[in-house]
Number of protein chains: 2
Amino acid sequence: MGTVGGGTFNVLQRNAAEIARRAGRGIDVAQIATRHPNPACNIGVTPTTDDVFEVVNNPEIDIVVELIGGYTLAKDVVMGAIANGKHVVTANKALIAVHGNEIFAAASEKGVMVAFEASVAGGIPIIKALREGLAANQIDWVAGIINGTGNFILTEMRDKGRTFEDVLAEAQALGYAEADPTFDVEGIDAAHKLTILASIAFGIPLQFDKAYTEGITKLTTADVNYAEALGYRIKHLGVARRTGDGVELRVHPTLIPADRLLANVNGVMNAVMVNGDAVGSTLYYGAGAGAEPTASAVVADIIDVVRTLTTDPNNRVPHLAFQADALSDLPVLSVEDVETAYYLRLQAKDRPGVLAKVATILSERGINIESIMQKEAEEQDGLVPIILLTHRVLERDMNVAIAALEALDDIAGPLMRVRVEQLN
Amino acid sequence: MGTVGGGTFNVLQRNAAEIARRAGRGIDVAQIATRHPNPACNIGVTPTTDDVFEVVNNPEIDIVVELIGGYTLAKDVVMGAIANGKHVVTANKALIAVHGNEIFAAASEKGVMVAFEASVAGGIPIIKALREGLAANQIDWVAGIINGTGNFILTEMRDKGRTFEDVLAEAQALGYAEADPTFDVEGIDAAHKLTILASIAFGIPLQFDKAYTEGITKLTTADVNYAEALGYRIKHLGVARRTGDGVELRVHPTLIPADRLLANVNGVMNAVMVNGDAVGSTLYYGAGAGAEPTASAVVADIIDVVRTLTTDPNNRVPHLAFQADALSDLPVLSVEDVETAYYLRLQAKDRPGVLAKVATILSERGINIESIMQKEAEEQDGLVPIILLTHRVLERDMNVAIAALEALDDIAGPLMRVRVEQLN
């Protein structure tokens, strides 16, 4: 009964009448497993236990709500509840992204549901939109801001010219970022969520280990400003795209045109764009974390499960949107096989001819330059930043070009590379 | 088999395999009622008829999809299908907004579903988000851009400085606007959709006749520009809000802060914001019209209905989100009881002291001025525009103040009044 558990309890209590008017029956909390009572909750006479397996084995309980987090105890709770024939609602993105295939197989075997709306983008009903609302479509791509901490940091860097390190320290002080911020700023949390979105968008098994994950720790305020000058914003996106060869599954900083709605999602807010062949582009925006926004999704799942208690288990919305025996073996592509446009920043020694050499290296590899900025005024230690936007190119070809650029005597240190997406 | 019917047929055919992988079974078009074959469709061997009641009475058919539009034949088809025990999917906002209470009562009696996702905001799964995804929340308000034609006109007026009449003529030529554009530009179409959204948000019967409806025909390019200078955009919004006294249900031009996502929804696109007590503010964006975006919602509804063919009719998602016997009698408020901030534009005869008189009239009625602009440079025919933003005030009080302002000798002609919403 931590943050989300407390929020879930409070929403169920506060909106009990409203929820019963919708669901057609009351939903009672039968038992709470918790080590410490949550001071934000008035649990009244609700029975508690400090042994979570008492809940798992409680014959009075229809639905076990797992809000522990992590892969170990949470997994035992979820698998135990399924084994006991109970439905499960969870907010645990890491558990679903890493062990979801095993969990859903066990659940299907037992004819129970495992609902996980709260695992991606908090209160935004994006799982429902993808699995049900857009079920008529072949989904072409999904792109989202699905980590609030990262978006808060990038928003502050842009709005106030602050450095990454400075904003991260504040985010930690405000409680947005964990003491160990690796999961947030290195993109692991976003990759968990993207893995789930990609599976339900394309009907493929969960394959977190194949996601390409790049964080925002190397971005400088200068990059944010150069992007702005070029008409773009930098966002930390999860992108899943279906191509003729397979599925792209990648989390990385991304330049997107400043006039896109997604570019204007600021602070800790989340948003997910989904493009389908019939509907075109759609977008879903809201709070991606927090006690009550997450509880909103947990409780919606509970209501959904209550509604399906009287359904035929073979005629429910499948866990991964597609029937378990109809998943696709479309491979997840290596990031080297991904084609995007690029933003490149080089530190050039201020000699005549360096621009020509750079252009030649790119052009010899078939990489076309979309625009170029040379910032003489920002010369520092004899180095002048050159900023390039390229047309679309395969990542493996760009890697070769970057190695050649970095080998030039006229270029100091490693260059900065950020992928560019138009998101039309 | 017009625009949406053709789109629905084509999506069902093109994505048949994808849909079957999701739904766990194929979905066949058993019969089409149409007077003229749609040239965009290859209907192959699908049986057709020019008598729509052949479909209604066809014993092979489980689900009747009504894509005729209007209140007359469409109503007979829907009521006939229900009487025959068939489920119904419809995209008909006018029919649902005006006759929905009667239709849903008949459907509940017969234990069949009437699904209407496509009736609001085309391909955006906003009905599903409100009825199911946010079911844990007490919904506080809904505000949306739910008429693409109106938004296209306002976007062009702002981006290109064009007049209302000029853009309307183009929208008609492009096919965005009907030859008789009344439903779009006077807000009737938006009021149909808002009526539906309000019912499922608050659990009240459909009450289209109580919606306040004001169009965009009086807006000038100058108003659009003044709003911009004040940091706002003008959008034609449908707003439904729950207050202590009842429900506000109103469609009118609205100033919203330029940095809100909703202010940045341009062209023919739609978006709906929903604010719930647990989730906070969320937003849903996409194409609000067009053959395939609308078909996306129609087909999603068909899949939903197919899934519930084996459910207990008493344990489904209720038509208006709340159980039919648990609807609220919360009254729809008169627009005079609505409190908003206001944008006012007056044409002042350029005499000393007019500003003081205006300020006095407002202040005597307890109306506080947030900001004021006097555009001396734009004097025309001896008249100077004065633009005011007020704090929040009851509409009935503002009406009295406006009458007093218009009675001033120093003010020429009627003043322009646009409501202002912050949408936090």
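Since we're looking at a predicted model, the values are computed, not measured. Numbered from 1 within each chain, the chains take letters A, B, ... in sequence-line order.
Neither the backbone nor the side chain of Leu320(A) comes within less than 4.5 Å of any heavy atom of chain B. Heavy-atom distances place both the backbone and the side chain of Val317(A) under 4.5 Å from chain B. Within the 4.5 angstrom heavy-atom criterion, atoms from both the backbone and the side chain of Asn315(A) approach chain B. Proximity to chain B is absent for every atom of Asn266(A), based on heavy atoms less than 4.5 angstrom apart. If you measure heavy-atom distances from Leu327(B) to chain A, the contacts under 4.5 Å come from the backbone alone. In this structure, the portion of Ser281(A) lying under 4.5 Å from any heavy atom of chain B is its backbone and not its side chain. Only the backbone of Ala23(B) comes within less than 4.5 Å of a heavy atom in chain A; its side chain stays farther off. Neither the backbone nor the side chain of Met273(B) comes within less than 4.5 Å of any heavy atom in chain A. Thr294(A) does not touch chain B: none of its heavy atoms, backbone or side chain, sits under 4.5 Å away. Neither the backbone nor the side chain of Arg260(A) comes within contact range of chain B; no heavy atoms are under 4.5 Å apart.
Of the charged side-chain nitrogens involved, at least one lies within less than 4.0 Å of a carboxylate oxygen, so that Arg242(A) and Glu18(B) count as a salt-bridged pair.
Interface remark: of the candidates Gly123(A), Ser328(A), Ala278(A), Ala271(A), Ala278(A) forms the most heavy-atom pairs closer than 4.5 Å to chain B. No other option in Ala136(A), Ala326(A), Gly133(A), Ala20(A) has as many heavy-atom pairs under 4.5 Å with chain B as Ala136(A). Between chain B and the residues Glu292(A), Lys128(A), Arg307(A), the largest count of heavy-atom pairs under 4.5 Å involves Arg307(A). Heavy-atom pairs under 4.5 Å with chain A were tallied for Ile303(B), Thr311(B), Ile19(B), Asp277(B); the largest tally goes to Asp277(B). Per-residue counts of heavy-atom pairs under 4.5 Å with chain B were compared for Asn15(A), Ile124(A), Val299(A), Asp312(A); the largest is that of Asn15(A). Counting heavy-atom pairs closer than 4.5 Å to chain A, the top residue among Asp301(B), Asn137(B), Leu134(B), Val11(B) is Asn137(B). Counting heavy-atom pairs closer than 4.5 Å to chain B, the top residue among Arg316(A), Met269(A), Arg14(A), Arg131(A) is Arg14(A).
Atom CG of Asp325(B) sits about 10.0 Å away from atom CZ of Arg21(A), to the nearest 0.5 Å. Rounded to the nearest 0.5 Å, atoms CG (Asn270(A)) and OG1 (Thr282(B)) are 12.5 Å apart. To the nearest 0.5 Å, atoms CG (Asn314(A)) and CZ (Arg25(B)) are separated by 8.0 Å.
By the 6.0 Å contact criterion, CD on Glu228(A) is enclosed, its count of non-hydrogen atoms from other residues, nucleotides or ligands being greater than 12.
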With side chain to side chain contact (heavy atoms under 4.5 Å, CB included) as the criterion, how do Asn264(A) and Asp259(B) come out once you've worked through the C-alpha distance, each side chain's angles and the decisive distance to 0.1 Å? CA-CA 8 Å; Asn264(A) 293 284; Asp259(B) 65 355; over 6 Å; no
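At least one donor-acceptor pair closer than 3.5 Å links the side chain of Gln323(B) to the backbone N or O of Arg22(A).
Applying a 4.5 Å heavy-atom cutoff, none of the residues of residues 114-122 of chain A approach chain B.
Under the rule for a side chain to side chain donor-acceptor pair (under 3.5 Å), the partners of Gln422(B) that lie at least two apart in sequence or sit in another chain are Tyr232(B).
Minimum interatomic distance between Ala129(B) and Pro125(A) (heavy atoms only, all atoms of both residues): CB-CG, 4.1 Å.
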